[in-house]
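All ligand and atom numbering here is 1-based and tracks the order in the structure. Along the sequence shown, residues are numbered consecutively beginning with 1.
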Amino acid sequence: MTGTMTGSAVGLMKLGDAHGAHNYHPLPVVAAHAEGAWVTDAEGRRYLDMLAAYSALNFGHRHPRLIAAARRQLERVTLVSRAFDHDQYGPFCAELAELAGMDVVLPMNTGAEAVETAIKVARKWGYTVKGVPADQAVIIAFTGNFHGRTTTIVSFSTDPDAREDFGPYTPGFRVVRYGDLDELAAVVGELGERVVAVLVEPIQGEAGVVLPPPGFLAGVRELCTARGVLMIEDEIQSGLGRTGYTFACAAEGVVPDAYLLGKALGGGIVPVSAMVSTWPVLGVLRPGQHGSTFGGNPLACAVGREVVAMLRTGGYQARSAVLGERMHARLTALPASAVRQVRGRGLWAGVEFASLPGREACERLAAHGVLAKETHGNVIRLAPPLVITAEELDWGIDRIEEAVSG
Ligand SMILES: *Cc1c(COP(=O)(O)O)cnc(C)c1O
């Protein structure tokens, strides 16, 4: 684990190993400083960050606009709790709702909390609007899903690592094969009025950047509309510019009933997540029924507003589309003996190796000065920050080429 490290970095990693829970297996890189697409470790080694914190760093490390927005807010007011209003809350909600073409925002902190919010709202909507009998609501999710780590969310995970030994599991979910419209229609047919929502990732990030077949999302939309079911898009990883669009589902011309956002919404500075929807849906909540001490705090809202302002220009989405094409063209040109498949959209790729285990690939990449992360088996995920330049991207892919050729 300490192949490329020396001295103080080894000591720091050992300290984390001795006193931090072992719920992650980090690569042997100890970040000390970062800027844009680059991370510098405790010994001054530089790495090109081609993971970008799973899309939480869409705007790169310490983007000057975001740091400035955070600094301005740090000098004014950072936290009031939702017991009082503050001058960033209304503007943040209004601006994010407008970006999404929706009416209402419910801000939380982590992605998992946005998903939990959606589960609660969909159930309450089912009972109070749709007329589902008490405690009969069902939410449909998909194989290979990743929606977070709470006990309820892992209840409908299909990943044994995420799920096993964490029961008893929360009832009220059904899992359908990702991309299988026929099975979805059959399950909705079987459960009838009990189905309140379909929870779907437009592209499955954790599963290895897996795209559903063309027309799947549009088919889900059609079925949900026809059967009075909420379509909830988890865009926590895929959204906010990552795929070349503000929302990944726009690539299929699909508009859901609710977006779940997180990761990049916090600008790489603070955890900010949100459920963004319409009044008929989010309007079911009354005071006291849901909340969070830190959700929608002034610092989070100030940073979130800057993120929204940056996305409103369309510039980051355009960078992702153009540079993403360059990245995919180069990755698909890698020798077929080394790379079995390249998937993704925009500056987002799952690279499946023929035989090289993903973990080993990432260790080799780190030794070559590139940060990436394996997902499952032979797959690594590339999600460089959208501020990466064409030259930096080419440099990173040159390193990948070197690493996969041994
Ligand atoms: C990361 C992620 C989550 C969970 O977000 P956390 O902030 O880690 O709780 C949920 N859904 C998707 C698609 C994600 O990528």
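- Counting only heavy atoms of the protein, atom 5 (O) of ligand 1 lies nearest to G111 CA, 3.3 Å.
- Geometrically, ligand 1 and E201 share no nitrogen or oxygen pair separated by less than 3.5 Å.
- Looking at Y54 against ligand 1, nothing comes within 4.0 Å, counting heavy atoms.
- The shortest N or O to N or O distance between E206 and ligand 1 is not below 3.5 Å.
- Comment: E235 does not engage R242 in a salt bridge, judged by the lack of any side-chain N to carboxylate O separation of less than 4.0 angstrom.
- Proximity of a side-chain donor or acceptor of R343 to a complementary backbone N or O of V209 within less than 3.5 Å is detected.
- A donor-acceptor pair under 3.5 Å links the side-chain atoms of R163 to the main chain of S155, judged by distance alone.
- We find that R381 and E206 are joined by a salt bridge, their nearest charged nitrogen and carboxylate oxygen being less than 4.0 Å apart.
- From the protein, the heavy atom lying nearest to atom 1 (C) of ligand 1 is K263 NZ, 1.5 Å.
- Taking the six-membered ring where tryptophan is involved, the planes of F142 and Y178 are perpendicular, since the angle between them exceeds 60° and thus also 30°.
- D398 and R330 are joined by a salt bridge, as a carboxylate oxygen and a charged side-chain nitrogen come within less than 4.0 angstrom of each other.
- In this structure, atom 9 (O) of ligand 1 has a protein heavy-atom contact shorter than 4.0 Å.
- With Q73 as the fixed residue, the side chain to side chain donor-acceptor pair (under 3.5 Å) test singles out one of E75, R71, R76: R76.
- For ligand 1, the atoms closer than 4.0 angstrom to any heavy atom of F146 are 1 (C), 2 (C), 3 (C), 11 (N), 12 (C), 13 (C), 14 (C).
- Shortest contact from atom 4 (C) of ligand 1 to any protein heavy atom: A112 N, 3.7 Å.
- Taking every non-hydrogen atom of D234 and a distance limit under 4.0 Å, the qualifying atoms of ligand 1 come out as 10 (C), 11 (N), 12 (C), 13 (C).
- Of all the heavy atoms of T110, the ones lying under 4.0 Å from any atom of ligand 1 are found in both the backbone and the side chain.
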